[in-house]
Amino acid sequence: MDTPNVPSTYYTPAPASDLWSCRQPSTVSGRYEGFQGNPGPIGSALDLRLDIDARNGVESPVMNKVSGDLYSTRFVKVAGVNQLVKTYVESWIVDTPLVTFTDTDVHIVGTVRYWKGTHPATTVDIVVSWSSGAVTGAVATLTSGGILGQPYACSYRSEAFRDMNLELDYCSSVDIEPKVPVYNSHAHTNRPPDLPHRTITIESSYRDAGIAVTIDPVHTVIDDTAPGFASWNVGELHDAMETSFGKYNSGWPAWNMWGIQAGIFDSAGVGGIMFDAAAGFGGAGRGPDRQGFAVFRNHSWFTNLVSNPVTQDQAWAMRHFLYTWVHEAGHAFNFLHAWDKARPDSLSWMNYDWKYDQRNGTDSFWGNFRFRFDDDELLHMRHGDRASVIMGGDPWASGGHLESPAGAMTVSGPGSDVELTLSAKDHFDYMEPVSIEFRLRNTTDVPVMVDGRLDPRYGNTTVYVQKPNGTVILHESVVCFYGLPELVTLAPAPVGDDDGSDRFSQLVQLAYGVEGFAFDEPGQYLVRAIYSTDGIVQASNTLPLRVGFPVTREEDRFAPEFFTREVGLTLAFEGSMSPYLERGLNALTEAAERFGGEPLGVKAATAVAQSVGDDFYRRKDEKMVKHHSADPQRALALTDAGLAGYQQSAGAASNLAYRGLVELRTELHAKADNSAAARSEVETLAKDLGARGANSTVVAQVKELISPTPTTRSRRAAPRKPAKKSSDG
């Protein structure tokens with residue numbers, strides 16, 4: 001009998017007479033489940049994961065780890081019938097197990113490391129037995145503080161380390177074949193030369209990673225043919241997700257994920273999006289995160305998508321279809337992008353092909369990518385703390401990522417061709433949503449092309465915030481957009497007259513992220529950002545800003561109503577009329593009324609105007625229906641005070657916010673069929689910016705807001721693309 005090709009330390013052969021009965025199974029790695037001691041299932045249970053030899057039929061490395069989840073178990077009577085209930089307690093891992101194979105069993109010992117809490121020194125002893133090529137079971141014994149515990153008798157369950165259910169729903173406009181990706185690994189010629197020839201799907205991609213994905217064979221078709229409904233916004237996707245997941249009544253967290261194939265997003269360049277937003281009430285429950293994602297079938301990536309690709313363009317489309325589904329679902333396992341974990345050269349589903357190519361050469365990602373997650377991600381997915389992996393568990397970007405944010409101390413070297421500068425006013429009122437100007441500037445004497453998507457949700461910028469207590473956090477957006485770059489050409493650094501064409505700015509809202517409100521305490525904050533794209537890794541300046549204390553008792557008493565998930569999500573979604581977020585919209589409306597004219601009131605009113613000023617569609621009986629009709633007159637009235645305040649302000653610090661509000665009001669005036677009012681406000685904006693010292697390029701761009709043939713249609717008539725902006729200062 002040959003020695004197994006496994007990472008074991010020892011191997012002991014059996015007598016020749018016993019060779020048949022002790023024939024070793026092809027793999028012992030996988031998941032085992034069992035109960036502690038006798039008489040059986042009352043007390044404690046163990047989900048055991050062994051990752052010590054190659055599993056069958058997968059393209060995936062052995063991680064040489066052992067891990068487990070502990071549960072307390074008891075019987076409860078439901079409708080007169082006893083049912084076993086398992087309550088999750090905690091998770092542990094053995095980083096360096098010692099593995100000894102014989103012909104009849106494998107013996108594993110190692111030091112246990114718990115993910116959370118304080119525990120006495122603990123070791124585990126595991127024996128896996130087999131007979132005639134089949135695993136007969138595993139016995140695991142934990143010794144804690146020198147005290148030997150009762151053994152867990154575990155049965156073999158699966159080669160997969162975890163199971164997950166995936167529901168895929170489709171909008172009627174894109175309920176077409178292919179509904180799921182099926183890719184021949186050799187269909188496209190740009191591939192690793194030794195890549196095995198096989199069929200790759202969503203299920204096989206995750207099976208390689210050790211996750212058994214079951215796609216629900218029954219899917220819902222959502223009728224998206226409502227008049228005027230042409231594209232989705234974040235609020236509508238979130239609302240549809242919560243409505244869909246209402247059928248899961250077993251509570252969260254759970255190994256359930258929801259994906260929707262929709263037509264197109266408001267920003268047409270976005271091909272996929274992951275949500276990290278919990279329900280306010282009802283829906284999925286009381287706070288599940290990392291639960292769902294969307295893929296936009298009408299994106300230009302999928303123009304050539306067919307079920308059986310025969311051309312290279314068709315193969316490229318199918319490969320990208322697969323990549324987008326797997327990538328977006330990966331976020332629900334608590335995966336950040338590769339560059340957010342200081343691994344920009346990772347050949348992983350969680351990297352972007354074009355970002356990798358920018359660093360390593362054209363077509364190099366697909367020329368080297370083996371359709372897998374990287375080792376760090378495999379370790380997390382297979383053996384990470386259950387709470388940080390399971391859908392609805394710890395918030396996105398947690399589970400070890402926030403405690404010591406990778407890249408937080410990045411410092412740009414000399415001679416960079418692009419400068420990143422953060423600027424904002426020095427002081428924000430208590431509760432006032434924080435927004436910061438991100439500005440890129442060309443420092444060379446030749447044009448430089450950059451990706452102008454500076455909001456962190458597009459993945460080009462990573463933001464770090466030092467809070468008043470000294471803690472540094474990675475400020476992650478509650479949504480993640482995956483889409484095409486929006487290229488902006490920065491002119492050479494000026495020698496004489498400065499027309500501003502060498503720079504590009506965007507106002508980025510940072511009020512709310514996956515960890516909640518980032519600026520919810522009075523005191524001094526420091527903010528830094530890292531811009532990483534097109535081979536550029538550029539750190540910004542460190543921006544200090546102060547959040548003030550409540551000035552009045554009214555502010556102090558209102559704060560608990562304002563600092564809620566519903567308010568935060570409404571701000572992050574740039575408005576929403578979802579019933580799940582109604583509490584947030586009501587609080588913002590109250591803030592606009594209570595603090596009218598003050599910065600908090602102006603920004604709250606803007607968020608309400610974004611909500612009420614646009615059509616909102618939601619799912620009802622498997623059909624998208626108009627839940628709210630745009631009310632541009634109310635939205636304009638809400639923002640009148642803010643407009644007056646910006647017009648009266650003499651400083652340049654509010655220029656971008658002033659311009660953004662006029663852009664919103666221009667859309668609202670068009671819906672109200674009042675082009676004269678829109679023209680007047682744009683002309684006043686251009687005049688004011690010129691008087692405040694804005695450069696000629698900015699003034700010219702502002703004048704372009706006046707359309708020669710203003711439309712009265714909702715923006716729903718066509719997907720939006722963000723306007724390109726040079727610096728307004």
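Atoms considered below: every heavy atom in the structure, side chains included; atoms not considered: hydrogens, waters and symmetry mates.
A donor-acceptor contact shorter than 3.5 Å is absent between the side chain of Asn460 and the backbone of Leu454. A donor-acceptor pair under 3.5 Å is absent between the side-chain atoms of Asn334 and the main chain of Val389, judged by distance alone. Here the side chain of Tyr617 pairs no donor or acceptor atom with the backbone of Ala226 at under 3.5 angstrom. Under the 3.5 Å distance criterion, the side-chain polar atoms of Asn184 are matched with a main-chain donor or acceptor of His186. The closest donor-acceptor contact from the side chain of Arg31 to the backbone of Ala160 lies under 3.5 Å. Looking only at distances, no side-chain donor or acceptor of Arg55 sits under 3.5 Å from a matching main-chain atom of Gly30. The closest donor-acceptor contact from the side chain of Arg162 to the backbone of Arg382 lies under 3.5 Å. When atom types are taken as modelled, the side chain of Thr220 and the backbone of Asp169 share no donor-acceptor pair closer than 3.5 angstrom. In terms of modelled atom types and a separation under 3.5 Å, the side chain of His380 and the main chain of Phe333 share a donor-acceptor contact. Using a distance-only test at 3.5 Å, with no hydrogens or angles considered, a donor-acceptor pair links the side chain of Asn190 to the main chain of Gly367.
The CD atom of Glu236 sits 7.5 Å away from atom CG of Asp614, with the distance rounded to the nearest 0.5 Å. Between the CZ atom in Arg453 and the OH atom in Tyr458 there is a gap of 7.0 Å [rounded to 0.5 Å]. To the nearest 0.5 angstrom, Met164 atom CE is 9.5 Å from Glu203 atom CD. Put simply, CE on Met257 and CG on Leu168 are 10.0 Å apart, with the number rounded to the nearest 0.5 Å.
Using cut-offs of 30° and 60° on the angle between ring planes, the pair Tyr71 and Tyr88 is perpendicular. Below 30°, between 30° and 60°, or above 60°: for Phe229 and Trp232 the angle between ring planes is above 60°, a perpendicular geometry.
Between Asp451 and Lys355 no salt bridge is recorded (no basic side-chain N to carboxylate O distance below 4.0 Å). Salt bridge Asp175/Arg297: absent, no basic N to carboxylate O contact under 4.0 Å. The pair Asp163-Arg157 does not count as a salt bridge, with every side-chain nitrogen at least 4.0 angstrom from each carboxylate oxygen. Salt-bridge formation is not detected for the pair Asp208/Arg370: no Lys NZ or Arg NE/NH1/NH2 atom is positioned less than 4.0 Å from an Asp or Glu carboxylate oxygen.
Looking only at atom types and distance, the side chain of Asp224 has a donor-acceptor partner in the side chain of Ser172 under 3.5 Å away. Under 3.5 Å, the side chains of Asn165 and Thr214 contain no donor-acceptor pair of N or O atoms.
Counting heavy atoms from C-beta on, the side chains of Phe481 and Phe265 come closer than 4.5 Å. A 4.5 Å side-chain heavy-atom check between Leu347 and Tyr356 finds at least one atom pair inside the cut-off. With contacts defined as side-chain heavy-atom distances shorter than 4.5 Å, the pair Ser576/Leu569 does not qualify. Under the 4.5 Å side-chain criterion, counting only non-hydrogen atoms from C-beta, Asp69 is in contact with Arg49.
The two residues Asp53 and Val62 have their closest heavy-atom pair at C-CG2, 3.5 Å. Contact record, Ile200 with Ser204: CA-OG, 3.4 Å, taken as the closest heavy-atom pair. Taking each heavy atom of Ser346 and Phe365 in turn, the nearest pair found is O-CE1, 4.3 Å. The nearest pair of heavy atoms linking Ser611 to Leu585 is OG-CD1, 3.6 Å. For the pair Asp239 and Pro579, the tightest heavy-atom approach, listed with the atom from each and the gap, is OD1-CD, 3.5 Å. Smallest separation of non-hydrogen atoms from Leu46 and Leu70: CD1-CD2, 3.8 Å.
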- Message: What verdict does the ring-ring contact (aromatic ring centres under 6.0 Å, His included) test give for His383 and Phe161, after you've listed the backbone C-alpha separation in whole Å, the side-chain angles of each residue and the deciding distance to 0.1 Å?
- Response: CA-CA 8 Å; His383 304 290; Phe161 303 105; 5.5 Å; yes
Exercise for the section: Evaluate ring-ring contact (aromatic ring centres under 6.0 Å, His included) for Trp349 paired with Phe371, printing each intermediate quantity in order. Expected result: CA-CA 7 Å; Trp349 292 110; Phe371 295 87; 5.8 Å; yes
- Assess whether side chain to side chain donor-acceptor pair (under 3.5 Å) is satisfied between Asp51 and Ser29, documenting all intermediate values. CA-CA 5 Å; Asp51 192 357; Ser29 288; 4.7 Å; no
For Glu159 and Thr27: C-alpha separation, side-chain torsions, deciding distance, then whether side chain to side chain donor-acceptor pair (under 3.5 Å) applies.
CA-CA 8 Å; Glu159 285 186 355; Thr27 181; 5.3 Å; no
- Query: Given the rule in the ring-ring contact (aromatic ring centres under 6.0 Å, His included) test, do Phe573 and Tyr512 qualify, once you have shown the distances and angles that lead to the verdict?
  - Reply: CA-CA 10 Å; Phe573 293 167; Tyr512 189 80; 9.0 Å; no
### Query
Do Thr225 and Asp223 pass the side chain to side chain donor-acceptor pair (under 3.5 Å) test, and can you show the C-alpha distance, the side-chain angles, and the key distance before you say yes or no?
CA-CA 6 Å; Thr225 60; Asp223 185 347; 2.5 Å; yes
Which donor-acceptor pairs under 3.5 Å do side chains of residues 299-309 form with protein atoms, sequence neighbours excluded?
| residue | atom | partner | partner atom | Å |
| --- | --- | --- | --- | --- |
| His299 | ND1 | Trp301 | N | 3.0 |
| His299 | NE2 | Gly269 | O | 2.9 |
| Thr303 | OG1 | Ser300 | O | 3.0 |

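Within the structure, side-chain hydrogen bond (donor to acceptor under 3.5 Å, both in side chains) pairs that include any residue of residues 317-327 comprise His320-Tyr482, His327-His331, His327-His337 (at least two apart or interchain).
Crowding of Lys626 atom NZ: a count of heavy atoms from other residues, nucleotides or ligands under 6.0 Å exceeding 12. A 6.0 Å sphere centred on CG of Asn56 holds more than 12 heavy atoms belonging to other residues, nucleotides or ligands.
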